[in-house]
Amino acid sequence: MTVEPASVTDDVFLDRLADRLHALPGVHAVTLGGSRAQGTHTDASDWDTAVYYRGSEGVFEPRYLRDGGWDGEVSEIGGWGGGVFNGGAWLCVDGRRVDVHYRDLDVVEHELAEAEAGRLRVEPLMFHLAGIPSYLVVAELAVNRVLRGETPRPDGYPAALRKAASEEWWGRASITLEYAKGNNAPLGGRTEVVGAVAVAAMQAAHAVLAARGEWVTNEKRLLERAGLRGIDRVVADPALPLTELIDQARELMVRAVDGVRVQ
């Protein structure tokens, strides 16, 4: 996809984009997420947006994005795995890179109720080592900027979710490390061990952020936020025996998780 230099200011661009997305049939609301919403972006950052529709109405269809005449790729609903992160588009709009995520309000409202009750599941998603929690769409409601329409909002980070999510994620991290130590390390599988440690580190980081009651929408700065960037040193040391590599990584994770454990 070729991106030409932008010819209008960011504010004007975002206003026009929000209007065009909100005008699509079946769209109830449009939000801005990612670094642009949080003020941590650079000039090269993408524009992460979401369109909220209601699947039970049967009105919104991805073809409406295609009909907009923008260059890029538009998935079908469910094209990104069929879970809570159920599809979207990568577009070039007026010289800027724009991601448009599909968010079904029926699903979002269900997951909001599940999160408030402390129930969650983890789904696989491309480019995410540990996968994503079902409450990711609730996190978006909490941190994203609403540009048009209205979306539900959680009343803080549910106490039940803090406990359940931190326990679920730490349980996954522990099992991942145990398997690597008992099965990959004895076979000399450095790649397998390093991969397992990387996955476990992301899982442990999710546990830390959940225990703190801090929303997570992706893995990009997850290790930094959880205080687990020291894992880099461990996995980068070629002299470490594999079993010791796992033990040192686990020690770092245990300290981070124990420091915020929910009672």
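This structure is a prediction, so every number in the text was calculated from the model and none was measured. No hydrogens, no waters, no symmetry mates; every other heavy atom, side chains included, goes into these values.
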Indicate if [X] and [Y] have the same hydrophobic cluster label, given that clusters are the connected sets of ILVMFWY residues with side-chain heavy-atom separations under 4.5 angstrom.
X	Y	answer
Leu242	Tyr179	no
Leu209	Leu228	yes
Leu141	Val146	no
Val30	Val74	yes
Val143	Leu222	no

To the nearest 0.5 Å, how far apart are [atom1] in [X] and [atom2] in [Y]?
X	Y	atom1	atom2	value
Asn218	Ile132	CG	CD1	10.5 Å
Asp19	Asp15	CG	CG	5.0 Å
Thr9	Leu14	OG1	CG	9.5 Å
Leu129	Leu125	CG	CG	11.5 Å
Leu245	Leu240	CG	CG	5.5 Å
Leu105	His110	CG	NE2	14.0 Å

Before accepting this row, confirm whether a basic side-chain N of the pair [X]/[Y] lies closer than 4.0 Å to the acidic partner's carboxylate O.
X	Y	answer
Glu109	Arg103	no
Glu167	Arg172	no
Asp247	Arg250	no

Pairwise side-chain contact, [X] with [Y], heavy-atom cut-off 4.5 Å (strictly under):
X	Y	result
Glu192	Leu187	no
Glu61	Leu24	no
Met253	Glu251	no
Asp46	Ser35	no
Arg212	Tyr157	no
Glu111	Val107	yes
Thr31	Thr49	no
Glu116	Leu161	no

Evaluate the side-chain contact (heavy atoms from CB on, under 4.5 Å) criterion for residues Arg36 and Ser45: first the C-alpha distance (whole Å), next the side-chain angles of each, then the deciding distance (0.1 Å), finally the verdict. CA-CA 8 Å; Arg36 295 279 180 180; Ser45 297; 3.9 Å; yes
Please confirm whether Arg54 makes a cation-pi placement over Phe60, using NZ or CZ under 6.0 Å from the six-membered ring centre and within 45° of the ring normal.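 So Arg54 doesn't make the cation-pi contact.
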Is Arg148 positioned over the aromatic face of Tyr52, cation under 6.0 angstrom from the ring centre and no more than 45 degrees off axis?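 The answer is no; the distance or angle limit is not met.
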Assess the residue pair Tyr135 and Trp215 against the criterion (side-chain contact (heavy atoms from CB on, under 4.5 Å)); give the C-alpha distance rounded to whole Å, side-chain angles, the decisive distance to 0.1 Å, and a yes or no. CA-CA 9 Å; Tyr135 57 82; Trp215 294 112; 4.2 Å; yes
Looking at every heavy atom in both [X] and [Y], which two are closest together, and how far apart are they?
X	Y	answer
Ala115	Pro158	O-CB, 3.5 Å
Ala249	Val197	CB-CG1, 3.7 Å
Ala185	Ile246	CB-CD1, 4.2 Å
Ala204	Ala173	N-CB, 3.9 Å
Ala201	Leu223	O-CD2, 3.7 Å
Gly131	Trp169	O-CH2, 4.3 Å

Verdict with reasoning, Leu21 to Val27, per side-chain contact (heavy atoms from CB on, under 4.5 Å): CA-CA 8 Å; Leu21 292 176; Val27 172; 5.7 Å; no
Determine whether the aromatic ring centres of His28 and Tyr53 lie less than 6.0 Å apart. no
May I ask you to check whether Trp47 and Trp90 place their ring centers less than 6.0 Å from one another?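 No, ring centres 6.0 Å or more apart.
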Thr176 side chain to Gln203 side chain, donor-acceptor N/O pair below 3.5 angstrom: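 A donor-acceptor contact under 3.5 Å links the two side chains.
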Looking just at side-chain N and O atoms, do His128 and Glu123 make a donor-acceptor pair shorter than 3.5 Å? no
Return yes when atom [atom1] of [X] has more than 12 non-hydrogen atoms of other residues, nucleotides or ligands closer than 6.0 Å, and no otherwise.
X	atom1	value
Glu224	CD	yes
Arg145	CZ	no
Arg221	CZ	no

Among all residues two or more places apart in sequence or in another chain, which pass the ring pair (Phe, Tyr, Trp, His ring centres under 6.0 Å) test with Trp170? none
Might you work through the side-chain contact (heavy atoms from CB on, under 4.5 Å) test for Leu136 and Val216, ending with a clear yes or no? CA-CA 7 Å; Leu136 179 144; Val216 173; over 6 Å; no
Exam field: side chain Asp104 to backbone Gly55, donor-acceptor pair closer than 3.5 Å: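 The answer is yes, because a donor-acceptor pair under 3.5 Å joins these two groups.
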